[in-house]
Amino acid sequence: MEPSLVTSIGKIQLERPVMLASGILGISLDVFNRLYRSGAGAVVSKSLSTEPWDGYPNPTIFGINGGGWINAVGLSNPGAPNFAKMIEPNKDVPIIISLVGSIPEDFSTMVEQFKNSKVIAYELNLSCPHVAKVGLEVGDDPELVKKIVSTVKNSTNVPVIAKVGLGTTHYLNTVSAAIDSGIDAITAINTIRAIAIDVETQRPILSNKFGGLSGTPIKPIALRCVYEISSKYDIPIIGCGGISTWEDALEFILAGASAIQIGSAIGDNWIHVFNDINKGILQYMKRKGYSKIDEMIGLAKKS
Amino acid sequence: MEPSLVTSIGKIQLERPVMLASGILGISLDVFNRLYRSGAGAVVSKSLSTEPWDGYPNPTIFGINGGGWINAVGLSNPGAPNFAKMIEPNKDVPIIISLVGSIPEDFSTMVEQFKNSKVIAYELNLSCPHVAKVGLEVGDDPELVKKIVSTVKNSTNVPVIAKVGLGTTHYLNTVSAAIDSGIDAITAINTIRAIAIDVETQRPILSNKFGGLSGTPIKPIALRCVYEISSKYDIPIIGCGGISTWEDALEFILAGASAIQIGSAIGDNWIHVFNDINKGILQYMKRKGYSKIDEMIGLAKKS
Amino acid sequence: MSSVLPGQFAMVWIPGINELPMSVMIAQESGKAAFTVRKHGPASTGLFNVKVGQQIGVRGPYGNSFDLKQGKLLLVGGGTGLVPMMRLLTHIKPNDDVTVLIGAKSKNEVFFEDLANNLLKNNPHRVIVTTDDGTYGEKGFVTSMVEKLVNEINFDGIYTCGPEIMMYKTVQLAHSRGLFVQASLERMMKCGVGICGSCCVGEDLVCKDGTVFDGDHLISNKEFGRFHRNKAGILENY
Amino acid sequence: MSSVLPGQFAMVWIPGINELPMSVMIAQESGKAAFTVRKHGPASTGLFNVKVGQQIGVRGPYGNSFDLKQGKLLLVGGGTGLVPMMRLLTHIKPNDDVTVLIGAKSKNEVFFEDLANNLLKNNPHRVIVTTDDGTYGEKGFVTSMVEKLVNEINFDGIYTCGPEIMMYKTVQLAHSRGLFVQASLERMMKCGVGICGSCCVGEDLVCKDGTVFDGDHLISNKEFGRFHRNKAGILENY
Ligand SMILES: Cc1cc2nc3c(=O)[nH]c(=O)nc-3n(C[C@H](O)[C@H](O)[C@H](O)COP(=O)(O)OP(=O)(O)OC[C@H]3O[C@@H](n4cnc5c(N)ncnc54)[C@H](O)[C@@H]3O)c2cc1C
Ligand SMILES: Cc1cc2nc3c(=O)[nH]c(=O)nc-3n(C[C@H](O)[C@H](O)[C@H](O)COP(=O)(O)OP(=O)(O)OC[C@H]3O[C@@H](n4cnc5c(N)ncnc54)[C@H](O)[C@@H]3O)c2cc1C
Ligand SMILES: Cc1cc2nc3c(=O)[nH]c(=O)nc-3n(C[C@H](O)[C@H](O)[C@H](O)COP(=O)(O)O)c2cc1C
Ligand SMILES: Cc1cc2nc3c(=O)[nH]c(=O)nc-3n(C[C@H](O)[C@H](O)[C@H](O)COP(=O)(O)O)c2cc1C
Ligand code: FES
Ligand code: FES
């Protein structure tokens with residue numbers, strides 16, 4: 001029997017474990033459709049705010065020689081209301097809406113706006129490392145995280161995911177705060193605060209100076225976080241950070257992730273990466289005799 | 001006039017700004033001599049403890065496909081007394097002794113043991129991410145850091161450097177605690193906690209499971225830390241993390257480092273890396289018209 | 001950069017100011033490349049003001065390139081959209097019969113006419129300029145000239161780059177007559193490499209799937225010729 | 001791994017147990033490689049106990065290799081140090097006149113004698129076994145036989161791998177007579193790639209500068225033949 005790629009992240013069920021990470025190609029329903037057709041099990045929108053944001057001036061993204069990217073897009077996004085309108089026609093694509101804000105009400109207002117949209121989950125971005133007053137500045141404050149998660153959980157029945165990253169406090173405290181407040185799953189991790197300097201002009205390359213490091217360089221760190229979270233808490237985890245091959249994807253699953261997200265690898269290998277990973281996982285499952293993703297989740301902790 | 005590579009890290013003066021990082025080839029005086037001859041401005045010893053430590057069983061080091069290393073050597077070292085005896089004959093090499101311990105007395109005891117050795121500075125390892133009760137577990141506790149730094153500063157007139165890394169509290173608090181207690185310089189950063197899993201055998205590769213990520217992947221993060229420290233504090237900084245080319249070295253200097261350390265790049269390009277970087281910096285200085293390293297330190301913060 | 005294909009672009013960093021997508025212009029000296037910049041808003045003005053010896057950053061080339069047919073070719077360009085057209089002219093075969101249409105609002109906005117004639121000097125060719133106000137060349141919109149030409153001549157390939165409305169009409173005119181046509185699109189670009197999504201036109205990403213698209217494909221794209229996205233990613237009418 | 005040069009090694013991971021440096025043994029099947037493991041402590045026993053089908057990890061090859069001279073060659077091996085010697089035999093030229101010396105404590109520790117004879121079947125050669133206790137072959141230390149041979153024959157190249165004392169004496173004997181000699185050293189290895197420093201012998205790193213060193217060089221190394229470092233990096237006498 002052909003193994004199945006279906007996976008469950010708590011109450012969220014996906015046909016395939018590989019999804020699109022937030023902020024990557026994530027502003028148009030047409031593109032979401034295309035990515036879904038090319039193998040993504042779900043797509044996460046760009047992080048949306050209550051109002052449209054222009055983001056930072058260019059350069060906003062810098063490709064590192066040897067692998068990886070540093071970005072400070074500045075959370076440019078069309079705003080939750082525009083976005084909600086845009087995805088209204090959606091029938092097929094499992095969309096997860098990523099939200100960013102400073103106070104609990106920002107989040108609950110936006111959730112309200114998506115009431116009539118086909119949304120399979122919300123992902124709270126508690127971990128953007130390069131925009132003031134949102135993202136990590138929120139995630140680094142476990143008390144605020146508790147309030148936000150409780151507020152959102154009270155405003156919707158749709159599952160809510162918290163996306164964490166490495167900030168100035170221990171990310172496991174953020175995870176724990178989110179779990180205490182009823183979160184349904186954790187995405188780990190976001191980009192890691194970084195900088196790149198051009199030695200010729202002697203200045204930081206990104207217009208915002210600091211940005212977030214993503215791609216292959218952060219994989220071993222992201223994988224560590226998934227392993228740590230799954231070792232300490234009983235909560236579904238979505239692994240994210242530097243995944244570009246099926247082996248990478250499996251490392252995350254073996255470390256305890258129920259699903260994974262892909263961002264930068266799309267910049268490296270384009271959108272074929274979804275199907276390449278799906279195929280690779282399938283072949284591995286056949287070879288090793290697994291029939292379901294579930295059978296492999298967390299196996300590396302047994303040794 | 002030929003530009004000069006001489007640099008000062010506070011009271012520590014070096015002929016060349018590139019030094020050997022702790023833990024890399026760092027257990028024998030003969031090797032120190034060789035590295036000094038091949039262009040290192042100073043060498044930092046393996047982190048020493050009061051007693052000899054065997055470290056963890058192999059695998060202790062894992063080379064990542066695509067760049068970077070994860071290690072959990074477990075701070076194996078011959079112990080401070082053995083080491084002090086070994087370097088007694090030293091006349092030429094500027095040696096920095098790296099120390100690791102759990103309580104202030106561990107450090108002061110060891111400093112005492114090096115009294116008669118030619119040591120240009122001590123580096124307190126407050127940041128090893130994979131050994132319990134020492135390293136990051138110390139660095140993550142700013143109060144303990146204060147006590148350790150004060151104790152060591154009271155036991156010696158030799159300059160004392162604190163080596164920080166990314167742990168579970170904000171590393172800038174550790175920096176600030178060290179500065180408050182009279183530290184002479186900061187080395188940033190140590191390896192970053194990480195893991196690698198073998199998908200075939202479905203287990204973590206390192207015997208200790210978790211290890212520290214070093215090499216090119218961490219460069220943008222290390223550089224960010226140097227930029228942040230130098231933007232916030234007036235303290236000499238030694239940059240460390242993923243430096244493998246002269247451009248990398250200059251990025252750190254432009255971000256505010258007075259000197260830099262090289263670790264993993266030796267595994268990638270062998271010990272030629274010291275002279276390659278020295279030459280590259282010299283050529284850059286000639287081309288841009290600088291006569292001293294000092295003129296370039298922190299320039300990227302002006303823009 | 002000197003071997004960039006027509007249709008490809010580079011991201012040009014003007015330190016301290018911005019980074020912009022730019023078509024790569026041909027240069028007089030072989031082995032070199034150039035940019036042609038139109039002074040517009042702050043970023044392009046910043047690039048315009050760059051002094052000799054000042055360093056800028058260039059990454060790329062990115063994107064695909066025109067599929068160059070042989071025979072009777074029509075190139076329709078306006079504004080800085082003429083840049084990839086000039087580079088295209090360096091790739092034509094000796095026997096190609098080439099018509100270059102240069103559209104401009106007014107006489108003082110006409111450029112590259114001499115360059116086009118020069119690049120085509122060994123080919124059967126004509127270079128036609130139109131100005132909206134009739135101050136130079138033929139009076140009227142360049143697309144009226146396109147219509148006239150496609151009614152007369154059975155072109156083997158039509159290539160266009162410039163204002164989207166111009167490209168939209170050109171594609172429609174050519175496509176409705178069954179002629180092979182390609183357009184090089186411009187959209188808001190941040191990454192240039194298919195990560196950020198800011199350059200999307202319907203389901204296409206201009207930086208990665210384009211900049212060059214077949215008329216066949218564009219005709220079914222709901223956004224082409226109608227909408228583009230601003231910096232926040234909101235659809236705006238052309 | 002099948003094209004590994006004689007003197008090179010691999011790091012062999014026995015999941016859940018340890019990772020050890022191992023010389024790469026020749027295999028019967030072409031395109032394959034093998035390891036020869038001596039059951040000693042927990043790690044080598046772990047490797048020894050690996051079952052067919054069980055997965056181990058192998059990284060490498062690392063290190064340099066022997067500089068193979070032509071003419072009259074002497075190979076001196078003991079224990080698993082015979083492994084690189086066997087691989088060396090697969091690289092000799094048809095006219096080389098080869099003497100292989102196999103040293104062992106006792107009869108039951110003698111191996112590879114037949115293999116050596118077989119690999120040398122088309123060359124002028126002799127394979128001599130010595131045992132300390134005389135239970136097989138010549139009685140006595142293998143280095144006494146080395147002394148005897150270098151006094152008789154003007155070897156073009158001498159190669160040795162095995163217990164350090166054996167190599168030390170062999171190098172001294174050869175070097176004092178001006179003969180070209182190389183030894184492949186063993187030291188505590190963690191990284192295998194010149195990072196950790198655990199394999200140092202004086203200023204040399206066995207994993208990176210070696211495993212093969214010239215006698216000329218070794219003779220001036222203060223640690224060769226005298227000390228090795230334990231897991232903590234402390235010098236211990238041999
Ligand atoms: C593939 C491509 C090739 C191009 N080639 C050239 C060229 O060869 N020469 C030339 O002068 N211009 C070229 N442009 C246009 C150029 O990138 C700028 O859009 C233009 O110079 C105006 O920039 P500005 O910031 O000065 O104007 P602003 O006043 O700041 O902006 C005006 C408008 O320019 C556009 N724009 C601004 N930033 C960007 C951006 N990052 N990406 C895309 N559009 C943007 C937007 O539509 C914006 O509304 C090209 C654009 C693209 C997409
Ligand atoms: C370049 C090289 C090639 C080798 N080739 C072979 C071979 O082909 N076949 C074979 O059986 N053995 C080989 N060895 C030796 C092997 O690596 C082990 O040292 C040996 O198997 C004993 O290991 P153990 O852990 O079982 O013994 P233990 O009882 O754990 O240790 C006994 C001694 O083995 C040595 N040792 C242990 N771990 C290491 C290590 N990581 N690196 C180096 N020495 C270590 C130390 O001297 C230690 O004191 C080689 C060693 C080196 C350095
Ligand atoms: C250009 C870019 C934009 C991003 N925008 C967002 C965002 O809006 N919200 C968010 O939660 N994460 C954002 N991220 C982070 C990614 O979702 C992901 O967590 C990170 O890139 C690590 O995954 P990767 O290595 O696969 O890219 C962005 C990443 C990149 C590269
Ligand atoms: C094998 C290995 C051992 C290390 N041992 C130590 C140590 O004992 N003490 C210490 O402070 N840092 C140690 N480090 C960290 C390095 O000194 C350095 O901070 C880190 O590797 C980042 O620099 P790099 O990217 O140039 O290697 C070790 C790193 C490696 C790879
Ligand atoms: S410019 Fe970023 S996807 Fe095209
Ligand atoms: S084994 Fe690590 S340096 Fe040789």
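Below, chain A is the first sequence line, B the second, and so on; all start at residue 1.
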- Message: Less than 4.5 Å to any heavy atom of chain B: does that hold for the side chain of A/Ile64, its backbone, both, or neither?
- Response: side chain

- Go through the atoms of A/Ile221 and report whether side chain, backbone, both or neither lie under 4.5 Å from a heavy atom of chain B. both

- B/Glu200 and A/Lys288: side chain to side chain contact (heavy atoms under 4.5 Å, CB included), yes or no, with the steps? CA-CA 9 Å; B/Glu200 290 307 326; A/Lys288 295 263 184 185; 3.3 Å; yes

- Task: Output the residues of residues 247-276 of chain A for which the shortest heavy-atom distance to chain B is under 4.5 Å, in residue-number order; output 'none' if no such residue exists.
- Result: A/Glu247, A/Leu250, A/Glu251, A/Leu254, A/Ala255

- Could you please state which residues from residues 125-135 of chain A sit under 4.5 angstrom from chain B, measuring non-hydrogen atom to non-hydrogen atom, sorted by number, or 'none'? none

- Item | Set of salt bridge (Lys or Arg N to Asp or Glu O under 4.0 Å) partners for A/Lys279, sequence neighbours left out | none

Side chain, backbone, both or neither: which part of [X] has a non-hydrogen atom closer than 4.5 Å to chain A?
X        : result
B/Lys219 : neither
B/Leu223 : both
B/Thr169 : backbone

What option among [options] has the most heavy-atom pairs under 4.5 Å with chain B?
options                                : value
A/Ile197, A/Thr216, A/Ile192, A/Ile70  : A/Ile197
A/Gly66, A/Gly215, A/Pro220            : A/Pro220
A/Leu166, A/Leu172, A/Val199, A/Leu213 : A/Val199

- Among residues two or more places apart or on two chains, list those pairs meeting side-chain hydrogen bond (donor to acceptor under 3.5 Å, both in side chains) that have a residue in residues 170-179 of chain A. A/Tyr171-A/Glu228

- Task: Can you see which heavy atom on B/Arg203 is nearest to which on A/Ala300, and at what distance?
- Result: CA-CB, 4.3 Å

